[in-house]
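Residue numbers count from 1 along this sequence. This is a predicted model, so every value here is computed, not measured.
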Amino acid sequence: MDTTRGVACLLVAVICLSCAAAAAARSPAARLHRHLKRLNKPPVKSIEVCQGFIFLFYVLLLSSPSNSVVCELQIEQSPDGDIIDCVHISHQPAFDHPYLKNHTIQMRPNYHPEGLYDESKTNVVSSSSGERPKVQLWHQNGRCPEGTVPIRRTKKDDLLRASSMRRYGRKRHTTANPMSVNPTMLNEGGHQHAIAYVQGEKYYGAKATINVWEPKIEQPNEFSLSQLWILGGSFGEDLNSIEAGWQVSPDLYGDNNTRLFTYWTSDAYQATGCYNILCSGFVQINSEIAMGASIFPTSSYSGSQYDISLLIWKDPKEGNWWMQFGKDYVLGYWPSFLFSYLADSASMIEWGGEVVNSQPDGVHTSTQMGSGHFPEEGFSKASYFKNIQVVDSTNNLKAPKGLGTFTEQSNCYDVQNGNNADWGTYFYYGGPGRSSNCQ
């Protein structure tokens, strides 16, 4: 009897422990840990950007139960708090996608678009005074080795700021539709734009040189960005979009730094796509530029002006959509199978600014777009896009035909376009948000 009772007690204890373990595995802390593990791939080297400390330590990387390799893992710190992980190119998040399990990485595009502007106008980060600064802050403390890609490490606090782990790194349906503006709905979605756009043809890419600023953000859940959009499909639930530019987003990054970013979706921001490489999809090949990392320096009012050049185009042979940063950095590609409409071509291209207006205290946000000043103030005061072009069906870059402009509330953020020999097709855009004329 005592033996039976003892066995029963032992079984109860085992069951209780199993239940406790299962409950722990389902706990918010455990889910957060698993999500971080999925996002952050094991690095070969890490570069931490914060306050000038340098740490060296060794990590044991187990390649198999019977074969271990000791590698030196370097963690270096400098100005903005980021940790940049140098991840082996074949271990990056893209290869979590089921269609990329046996993918052969395309290490270079088969073709570049013909007709690029004079490269002296398209430095990675250029300035009015001819300075050639570091491109991203983490470069001050090191570089990633060949055969790796730099990935900004996602931290616990990043996930905790998100509305949910499922939505982390994703945004709502926000693309500007110049053909459909209902004044009564302007602030329901909370997003406002000042853009230039073309439509009516088949487009195979776009290019722009974008003035870089650090706009002020009023609320942590708001952002300000300047980007180009490659669009296909309707503005309903089937929208395909590839996006790239710079943004300030305290909610996503935990600070007010200006950062390089990309985004993609094949279903109007519902279930597919993400910022940067926070999900599988974009295949990075470049070891020097990190998506989501800080751009340095930024422009100042009536002072030095800095800009970045971005080019996205569809490889005529493989069909993948490639991204280039400046004249030197081909960053990688979005495989064509990610998309439906963009598997063929784009039907609209947009360039410009976007902000989130959460209407704090029932009034318009004071979050700035661009420089925070209106277009009529001009160079060194208002933000600009210059040398904007599209890629046509013959893989040639050309000036956009029939360029239109659009803004929901020109008294808050506005846009003015022009053309000249030095800048080609260009526009100034932006504004301060809330003012005596914008409530």
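Remark: the Asn257 side chain and the Asp255 side chain contain an N/O donor-acceptor pair separated by less than 3.5 Å. A side-chain N or O of Arg153 and one of Ser46 form a donor-acceptor pair less than 3.5 Å apart. When only modelled atom types and interatomic distance are considered, Glu222 and Thr365 share a side-chain donor-acceptor pair under 3.5 Å. Under 3.5 Å, the side chains of Gln416 and Tyr426 contain no donor-acceptor pair of N or O atoms. With hydrogens and angles left out, the side-chain atoms of Asp414 and Thr407 include no donor and acceptor closer than 3.5 Å. Judged purely by distance below 3.5 Å, without hydrogens or angles, the side chains of Thr272 and Asp267 pair a donor atom with an acceptor atom. When only modelled atom types and interatomic distance are considered, Asn211 and Ser299 share a side-chain donor-acceptor pair under 3.5 Å. The closest side-chain donor-acceptor pair between Ser249 and Asp251, if any, does not fall under 3.5 angstrom. With no hydrogens or angles considered, no side-chain donor-acceptor pair links Gln219 and Ser358 at under 3.5 Å. No side-chain N or O of Gln192 forms a donor-acceptor pair with one of Glu408 less than 3.5 Å apart. A donor and an acceptor atom, one from each side chain of Asp315 and Gln106, are located under 3.5 Å apart. No side-chain N or O of His373 forms a donor-acceptor pair with one of Ser371 less than 3.5 Å apart. Between His193 and Glu350, the side chains place no donor N or O within less than 3.5 Å of an acceptor N or O (distance only, hydrogens not considered).
Summarising the geometry of Ser224 relative to Pro215, their closest heavy-atom pair is OG-CG, 3.6 Å, with the distance given to 0.1 Å. Smallest separation of non-hydrogen atoms from Gln270 and Thr265: N-OG1, 4.4 Å. Of all heavy-atom pairs spanning Trp351 and Val390, the tightest one is CH2-CG1, 3.7 Å. Nearest approach of Ala346 to Ile230, heavy atoms of both residues: CB-CG2, 3.6 Å.
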Go through the steps to decide whether Tyr301 and Glu377 satisfy the test side chain to side chain donor-acceptor pair (under 3.5 Å), and finish with yes or no.
-> CA-CA 11 Å; Tyr301 189 79; Glu377 293 195 43; 2.6 Å; yes
Given the rule in the side-chain contact (heavy atoms from CB on, under 4.5 Å) test, do Met369 and Trp213 qualify, once you have shown the distances and angles that lead to the verdict?
-> CA-CA 9 Å; Met369 180 189 293; Trp213 293 81; over 6 Å; no
Stepwise, does the side-chain contact (heavy atoms from CB on, under 4.5 Å) test hold for Val149 with Ile285?
-> CA-CA 7 Å; Val149 294; Ile285 63 167; 5.9 Å; no
Derivation and outcome, side chain to side chain donor-acceptor pair (under 3.5 Å), residues Thr298 and Glu214 = CA-CA 6 Å; Thr298 58; Glu214 190 176 283; 4.6 Å; no
Derivation of the salt bridge (Lys or Arg N to Asp or Glu O under 4.0 Å) call for Lys41 and Asp96 | CA-CA 11 Å; Lys41 305 302 182 184; Asp96 290 341; 2.7 Å; yes
Quick one: do Asp238 and Tyr341 satisfy side chain to side chain donor-acceptor pair (under 3.5 Å)? Show the steps, please.
-> CA-CA 9 Å; Asp238 63 352; Tyr341 295 98; 2.7 Å; yes
Report the C-alpha separation of Gln305 and Ser380 in whole Å, then their side-chain angles, then the decisive distance to 0.1 Å, and conclude whether the side chain to side chain donor-acceptor pair (under 3.5 Å) test is met.
-> CA-CA 6 Å; Gln305 298 301 295; Ser380 84; 5.1 Å; no
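Between Lys398 and Glu201, at least one side-chain nitrogen of the basic residue sits less than 4.0 Å from a carboxylate oxygen of the acidic one, meeting the salt-bridge criterion. Ionic pairing of Lys401 and Asp392 is not present here: no N-O contact between side-chain nitrogen and carboxylate oxygen is shorter than 4.0 angstrom. Salt bridge annotation for Asp85-Arg152: absent, with no cationic side-chain nitrogen under 4.0 angstrom from a carboxylate oxygen. Between Asp82 and Arg259 a salt bridge is recorded (basic side-chain N to carboxylate O distance below 4.0 Å).
Ring pair His191/Phe223: centre-to-centre distance below 6.0 Å. Aromatic ring centroids of Trp322 and His112 lie 6.0 Å or more apart. The aromatic ring centroids of Phe374 and Tyr413 lie 6.0 Å or more from each other.
In this structure, the side chain of Arg167 does not engage the main chain of Ala162 through any donor-acceptor pair within 3.5 Å. The backbone N or O of Val391 sits nowhere less than 3.5 Å from a side-chain atom of Gln389 that would complete a donor-acceptor pair. A distance-only check finds a donor-acceptor pair linking the side chain of Asn286 to the backbone of Glu288 [under 3.5 Å]. Distance alone, capped at 3.5 Å, places no donor-acceptor pair between the Gln92 side chain and the His88 backbone. In terms of modelled atom types and a separation under 3.5 Å, the side chain of Lys45 and the main chain of Arg143 share a donor-acceptor contact. With hydrogens and angles ignored, the 3.5 Å screen pairs a side-chain donor or acceptor of Asn420 with a backbone N or O of Asp422. Judged by distance alone, with hydrogens and angles left aside, the side-chain atoms of Thr367 form a donor-acceptor pair with the main-chain N or O of Glu218 at under 3.5 Å.
Residues Phe296 and Tyr306 form no side-chain contact, since every pair of their non-hydrogen atoms from C-beta on lies 4.5 Å or further apart. Two residues are said to be in side-chain contact when any heavy atoms from C-beta on lie closer than 4.5 Å; Asn240 and Ser340 meet this criterion. The shortest distance between side-chain heavy atoms of Lys171 and Tyr275 falls below 4.5 Å. By the 4.5 Å heavy-atom criterion applied to side chains, Thr425 and Leu403 are counted as neighbours. Residues Leu228 and Ile312 form a side-chain contact, since some pair of their non-hydrogen atoms from C-beta on lies under 4.5 Å apart. A heavy-atom distance below 4.5 Å is found between the side chains of Pro109 and Val330. Proximity of Ile217 to Val355: side-chain heavy atoms (C-beta onward) are nowhere separated by under 4.5 Å. Side-chain atoms of His139 and Ile289, non-hydrogen and from C-beta on, do get closer than 4.5 Å to each other.
Between Tyr384 and Trp423, the angle of the ring planes lies from 30° to 60°, which puts this pair in the tilted group. A perpendicular orientation is assigned to the rings of His35 and Tyr168, their planes being inclined by more than 60° (bins at 30° and 60°).
Applying the salt bridge (charged side-chain N to carboxylate O under 4.0 Å, His left out) criterion to Lys156, with sequence neighbours excluded, gives no partner residue. Checked against side-chain contact (heavy atoms from CB on, under 4.5 Å), Pro150 has the following partners two or more places apart in sequence or in another chain: Ile84, Trp138, Cys144, Gln284, Ala290.
In His103, the NE2 atom is crowded: over 12 heavy atoms of neighbouring residues, nucleotides or ligands sit closer than 6.0 Å. Crowding of Lys101 atom NZ: a count of heavy atoms from other residues, nucleotides or ligands under 6.0 Å exceeding 12. Tyr99 OH: 12 or fewer foreign heavy atoms inside a 6.0 Å radius.
Shown are Tyr429, Tyr428, Trp246, Tyr197; of these, the ring-ring contact (aromatic ring centres under 6.0 Å, His included) with Phe385 is made only by Tyr429. With Leu310 as the partner, the side-chain contact (heavy atoms from CB on, under 4.5 Å) test is satisfied by one option alone out of Leu331, Thr262, Ile210: Ile210. Trp334 pairs in a ring-ring contact (aromatic ring centres under 6.0 Å, His included) with only one of the listed residues (Phe282, Phe339, Trp321), which is Phe282.
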